[in-house]
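Order of the sequence lines fixes the chain letters, A, B, ..., with proteins taken first and strands second; residue numbering starts at 1 for each chain.
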Number of protein chains: 2
Amino acid sequence: MDEPLGAGPTRHASDRGRYGQLSRERVLASALELVDREGLGALSMRRLGGELGVEAMALYRYASSKDALLDGLVEALHLELEERLAAEPGGPAADAAPAWRSGLHRVARTMYDVCLTHPQAVPLLATRMLAVPLARRPAAVLRHHERVLALLAEAGFDEADASAAFRAFTAWLLGYVSVELQPMVDNPEESDPAFRLGLHRIPPQALPRLRRTAPALAERGGAEGLTAGLDALLDRFTAHDRTAR
Amino acid sequence: MDEPLGAGPTRHASDRGRYGQLSRERVLASALELVDREGLGALSMRRLGGELGVEAMALYRYASSKDALLDGLVEALHLELEERLAAEPGGPAADAAPAWRSGLHRVARTMYDVCLTHPQAVPLLATRMLAVPLARRPAAVLRHHERVLALLAEAGFDEADASAAFRAFTAWLLGYVSVELQPMVDNPEESDPAFRLGLHRIPPQALPRLRRTAPALAERGGAEGLTAGLDALLDRFTAHDRTAR
DNA sequence: AGGACAGCGGATACAATGTAAATATACGCG
DNA sequence: CGCGTATATTTACATTGTATCCGCTGTCCT
């Protein structure tokens with residue numbers, strides 16, 4: 001850590017090509033990897049710099065602040081969403097559902113999968129993303145919004161209903177992944193689901209239902225639970241002048 | 001930063017009865033007030049100490065860490081929920097809905113109101129609260145869970161369905177308040193809703209639906225939107241062996 | 001070729017934060 | 001009164017985000 005000789009601050013950065021190696025993609029990918037591995041709390045500029053073999057301040061060329069970096073992670077998640085959607089094209093639905101509905105299912109399920117891959121990053125979706133005013137959200141997020149709106153338009157919603165359905169879609173999706181994926185993060189190595197919730201040491205007589213239901217609460221609803229609830233919500237909006245379904 | 005005179009570190013804390021004034025309630029109330037006024041980012045131990053006329057370290061007697069303090073805020077929100085539920089007793093529902101259903105409506109609506117009063121604290125619900133394992137959550141939160149489970153049991157759900165319905169209830173409630181209340185925080189003084197989203201400077205031809213729908217997206221669904229969606233979700237779980245709706 | 005130049009990364013510095021440890025103070029009880 | 005315990009303060013430190021300035025690297029122009 002000390003500078004033994006050489007009064008001038010020389011000879012440092014010439015140790016090979018640590019020059020053009022950084023890029024926004026590399027920074028964000030490395031940040032996401034770090035968050036996946038050690039959680040959001042481990043993401044600091046110096047730490048991330050260390051991962052990339054670079055000084056902390058170098059990162060500021062690719063994200064103008066830490067908040068901007070977090071927004072970048074939100075963007076990265078949506079880019080991964082787009083990749084996955086493009087990978088599995090999901091042609092005309094096998095089941096009898098209309099195209100717009102299975103389209104929304106596919107978007108929701110894919111987002112669920114993305115979040116399952118990066119559970120530690122989920123809080124960013126529920127907070128940072130919503131905190132950013134619509135127009136300033138990363139392009140990938142806006143494209144995602146646009147895709148959902150297009151599917152809703154395809155369903156024949158007028159503007160008001162589409163807007164309501166859009167908000168319901170977003171709320172349900174974010175709420176669902178938050179509730180479902182966040183608990184998995186904290187005691188990850190504990191396989192017994194009942195124990196993972198720590199239901200031991202709930203006072204025995206107090207809160208009887210909670211105590212009884214706790215094991216079942218540790219179950220996951222999975223992507224099926226997501227799409228099932230989504231259908232329920234969507235039906236509510238389609239059922240304006242016709243009967244549900 | 002220097003000590004001009006008086007070698008001994010005396011004469012400081014004798015300036016009147018700043019002694020037994022602190023309490024957990026006062027600390028949490030002051031913290032919540034500060035968050036309401038200036039946002040979560042303004043909540044630091046020193047700042048909060050300042051609000052209470054006390055040094056930062058004094059707070060550690062009432063919250064063992066900053067995270068514990070944030071959990072305390074989650075608790076405070078749920079205490080306020082309980083107060084409000086107790087205040088308006090909400091006897092037998094005026095409408096024809098069964099008691100359990102209007103009970104759930106009331107809980108959801110009241111929580112919505114609480115969040116409306118403290119929009120800056122909403123992110124804590126969606127992150128801190130879910131991150132804490134079930135059994136370690138504050139007592140008020142557990143009582144809230146118990147109440148919801150009791151209402152679901154009253155509805156005749158078996159354990160598995162009650163658990164699924166409980167998760168859906170929580171996910172929808174948290175997602176809804178997050179989506180609905182969080183944007184309101186950042187540009188609070190902007191009354192025109194379209195402008196609040198900053199839909200200006202969306203590229204004109206790109207994202208046409210988003211651009212067209214943006215004004216409608218700025219609308220709020222209000223508590224009605226919350227309960228409507230809740231009904232849709234609950235119906236999905238009641239409709240096991242009977243036809244939907 | 002040489003030399004300006006723009007962009008990249010490093011070095012240093014600073015203020016703000018959470019918090020551990022030791023210390024001083026106030027209150028209540030014998 | 002004095003003693004003990006709960007309460008608050010002081011001091012200190014490591015960690016964080018980030019402003020600023022500087023040297024280095026590669027490119028392009030003449």
Problem set entry | Rounded distance (Å) that lies between atom P of C/dC27 and atom CG of B/Leu22 | 15 Å

Problem set entry | d(CG, B/Leu40; P, C/dT17) in whole Å | 14 Å

Atom pairs, N/O to N/O, protein against nucleotides 15-19 of chain D, distance under 3.5 Å?
residue	atom	partner	partner atom	Å
D/dG17	OP1	A/Lys66	NZ	2.8
D/dG17	OP2	A/Met45	N	3.0
D/dG17	N7	A/Arg46	NH2	2.6
D/dG17	O6	A/Arg46	NH2	2.6
D/dT18	OP2	A/Tyr60	OH	2.9
D/dT18	OP2	A/Lys66	N	2.8
D/dT18	O5'	A/Tyr60	OH	3.4
D/dT18	O4	A/Arg46	NH1	3.4

Problem set entry | Donor + acceptor pair across side chains of A/Arg167, A/Ser163 (<3.5 Å) | yes

For this session: Assess whether side-chain contact (heavy atoms from CB on, under 4.5 Å) is satisfied between B/Leu59 and B/Lys66, documenting all intermediate values.
Result: CA-CA 9 Å; B/Leu59 304 171; B/Lys66 179 163 188 194; over 6 Å; no

For this session: Might you work through the side-chain contact (heavy atoms from CB on, under 4.5 Å) test for A/Leu124 and A/Leu77, ending with a clear yes or no?
Result: CA-CA 10 Å; A/Leu124 295 178; A/Leu77 293 179; 5.5 Å; no

Exercise. Which whole-number value in Å describes the distance from A/Arg26 CZ to C/dG9 C1'?
Worked result: 14 Å

Exercise. How long is the line joining CD of B/Glu55 and C1' of C/dA21, in whole Å?
Worked result: 16 Å

Exercise. CG of B/Leu59 versus P of D/dT7: gap in Å, rounded?
Worked result: 14 Å

What nitrogen or oxygen pairs link the protein and nucleotides 28-30 of chain C at under 3.5 Å?
none

Problem set entry | Contact summary for A/Leu81 and A/His144, nearest pair of heavy atoms | CD2-CD2, 3.5 Å

Problem set entry | Donor-acceptor side-chain pairing of A/Arg84 and A/Thr117 below 3.5 angstrom | yes

For this session: Whole angstrom is fine here: how far is it from CG in A/Leu48 over to C1' in C/dG9?
Result: 14 Å

Exercise. What is the distance from CG of B/Leu52 to P of D/dT7, rounded to the nearest Å?
Worked result: 15 Å

Exercise. Which is it for A/Leu43 and A/Leu70 under the side-chain contact (heavy atoms from CB on, under 4.5 Å) test, yes or no, and what are the steps along the way?
Worked result: CA-CA 10 Å; A/Leu43 178 61; A/Leu70 294 177; 3.9 Å; yes

Exercise. Could you give the CD-to-P distance, from A/Gln21 to C/dC8, as a whole number of Å?
Worked result: 14 Å

For this session: With side-chain contact (heavy atoms from CB on, under 4.5 Å) as the test, would you mind laying out the steps for B/Thr127 and A/Val122 before giving the verdict?
Result: CA-CA 9 Å; B/Thr127 55; A/Val122 166; over 6 Å; no

Problem set entry | Considering all heavy atoms, the nearest B/Leu79-B/Ala140 contact | CD2-CB, 3.8 Å

Exercise. So, A/Thr110 versus A/Arg106: side-chain donor-acceptor pair below 3.5 Å or not?
Worked result: no

